[in-house]
Protein chains: 2
Amino acid sequence: MPGARTSAEAAASMADIAGEGPLYVWDQKRRPTINDVARLAEVSKKTVSRVINQSPLVNDETRQKIAKVIADIGYEPDPQARGLASQRSFLLGVVYDNPNGQYIVNIQNGILEACRKSGFELVVHPCARNSPQFLKEVRQFVERQKLDGVILLPPVSEDEALAAMLTEVGCRFVRIACVPLDMAAHLVVYEDYKGAAEVADHLVQLGHRRIGFVAGPAHYRSAHERRRGFADGLARHGLGLTPELCVEGAYTFESGQACAEKLLSLETPPTAIFASNDEMAAGIYRVAFQHGISIPGQLTVVGFDDSPLASRTCPAMTTVRLPATQMGQMAAEKLIKRIEQPDAKLLETVVQPHLVIRESSGTIR
Amino acid sequence: MPGARTSAEAAASMADIAGEGPLYVWDQKRRPTINDVARLAEVSKKTVSRVINQSPLVNDETRQKIAKVIADIGYEPDPQARGLASQRSFLLGVVYDNPNGQYIVNIQNGILEACRKSGFELVVHPCARNSPQFLKEVRQFVERQKLDGVILLPPVSEDEALAAMLTEVGCRFVRIACVPLDMAAHLVVYEDYKGAAEVADHLVQLGHRRIGFVAGPAHYRSAHERRRGFADGLARHGLGLTPELCVEGAYTFESGQACAEKLLSLETPPTAIFASNDEMAAGIYRVAFQHGISIPGQLTVVGFDDSPLASRTCPAMTTVRLPATQMGQMAAEKLIKRIEQPDAKLLETVVQPHLVIRESSGTIR
DNA sequence: CTGAAAGCGCTTACAG
DNA sequence: CTGAAAGCGCTTACAG
């Protein structure tokens, strides 16, 4: 298409404004390319490429001349073309199966915060871990788009087959998880264990001794960590998880209701219940409401996550806050570092949850 | 790099399994390309390209031969290469400034449902409409990635400057909005007006006459539509919005509390309050709780959105449900249709909200 | 430190 | 209905 080239060259002209240096009058219809920059800076496009890719092998004067042209004409390298030539995409993916919308969006926002600084964009990919196509489907997603890296959110981040597949196809990833499942460089760890232990301290300090526990589903690592942290926390005060007062939910509102029915219909019901997430705690609220049991007067309830729900219930719910946005940002920064500096040593990234005490905490005299 | 080509050719060999037809043993390290398909099908790559792009100008026999090779070796066209050659990206964007996480994720899921069927991927882009860089920033996003189309969520979908900019740069878009802001082909409309009118019917039927209204912020179209629908709904029963009982909130929990304080401290407080979204309704719950006002015994409360919050409050909240997932899917389907069949006539897409009656609705004897 | 050539995997525009 | 050539906007590998 020599015609196009000719017209572009005709349109790209330089003019001098008195004392202001060169000003380039540009064809507004077409985005400038590396060839335009090369021509205007009077260098080869390979040298422009070196500047774009921050190669140290460029004379400082040359670099500045090129940088000026780039800034003047507003050149931005085409990620598609860069990607096709270099077998990458400048795209990050986030893979999740968590149903909690606010949590996803918060993490997403954190990831995007990190992307914004580095020129990556984010492609979202919810998945169904129980589907027989699961691995094949994620693999196609990753390979088709040549994703530069993927961030895995819990609980799908706990899937070892997924991690193995990504390793096999050469796709870098960072997992957000509540236990160290992997090498430090691949992880952002949030310590559910500690958060749950804090809840134990809190409840014991309030004077509770007969404490109910609603666990999460057994196949979730977070469920396991929260239980372990809570049990160990109680143990530090010479208490333990009473089997009679432990029930397992499914992290859903409905399962929280069912668990509450069980616990509150005991001959001697607990004076406090710690639910392994806010959704289930809200289910406890519902049952207490239906039975006319006052919170926190007759029953203390504590959740986990600090979802929007927790601060809007009546009374407002004591819970454990996970800094989701920050976790997303840290995960993305780590992933980008792995992509851009493959040899950099990366340390463990650990995020601390903390207890948010609200109105659902009552004392026992 | 003739070496690479040679090794690939060497690796690509055919073998016959008795009576099973040809089986291609493939180099697992390298994804097959259009050249591989062309060679194995003994046609030019242009003809393969025609099959990929569903051109009708291919002999049926040729098409089937090529399709078989494609299926056998698991060829998938590289979107980057296709995009570079054809000035597109097979990427859709979603631009939003709404803070409601579950709403975003639901719409996102709907969009992805439509993408899955058509080979598009979704890039997410939250934005800050009040930033001075807003337009420039979205423009860069769209141009850099050569997005094939963008879906705009409310309230940023109401921004006419944004729509104008997208039109100018030639980026197709579909807006999700509560009023017809644009041509039918560019819109998915959800009728807030009707939802709010239903609330009026409901409250009047319950016997309420002294009804409070918490409006959304005046610069949101949804706030306007919900007010208008509610007022018109009341008017159909010979009632009207009493100025004294109308207050304006900001769609936030805190503003809902402030509005409730005003309404409930009136000499004759309302017997029912319709809040323009669930967040503000939850704020009303909080104030009622603090003042010992029972819902629905002394006060009926109705929200709007059917966010997760609404079904988890105690008592569960009557509200208006917007089918967010469906809206996302319809918007994406419409956008994809515009991309793939630019000449197709597209009709108005309208989504109906509906009232979900729960426990916060009380009768007046 | 810099550049000319070839290539990434497709499609466009043209020809037959 | 099919194909050879040129091109999309970059980078790689090599040379100097």
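Naming: A, B, ... by sequence-line order, numbering from 1 per chain.
Taking the six-membered ring where the residue is Trp, A/Phe173 and A/His186 present perpendicular rings, their angle passing 60° and hence far from 30°.
Crowding of A/Lys337 atom NZ: a count of heavy atoms from other residues, nucleotides or ligands under 6.0 Å not exceeding 12. For NZ of A/Lys136, the number of neighbouring non-hydrogen atoms (other residues, nucleotides, ligands) closer than 6.0 Å is 12 at most. For A/Gln54, the CD atom counts as loosely surrounded, since its 6.0 Å shell holds 12 or fewer non-hydrogen atoms of other residues, nucleotides or ligands.
Put simply, the side chain of A/Arg50 and the base of C/dG3 share a donor and an acceptor less than 3.5 Å apart.
Taking atom CG of residue B/Leu84 and atom P of nucleotide C/dC8, one finds them 13 Å apart after rounding to whole Å. Going from atom NZ of A/Lys146 over to atom P of C/dG9 covers 7 Å, rounded to whole Å.
B/Pro77 comes within contact range of the sugar-phosphate backbone alone, with a heavy-atom separation under 4.0 Å but no base atom that close. Within the nucleic acid shown, B/Phe90 has no heavy atom closer than 4.0 Å to any nucleic acid atom.
Contact annotation: A/Thr47 side-chain N/O to C/dT2 OP1/OP2 distance is not under 4.0 Å. Between B/Ser49 and the phosphate of C/dT11, there is a side-chain N or O to OP1/OP2 separation shorter than 4.0 Å. Taking only side-chain nitrogens and oxygens, A/Ser86 never comes nearer than 4.0 Å to OP1 or OP2 of D/dT11. Look at B/Asn53 and you'll find a side-chain N or O under 4.0 angstrom from OP1 or OP2 of C/dT11.
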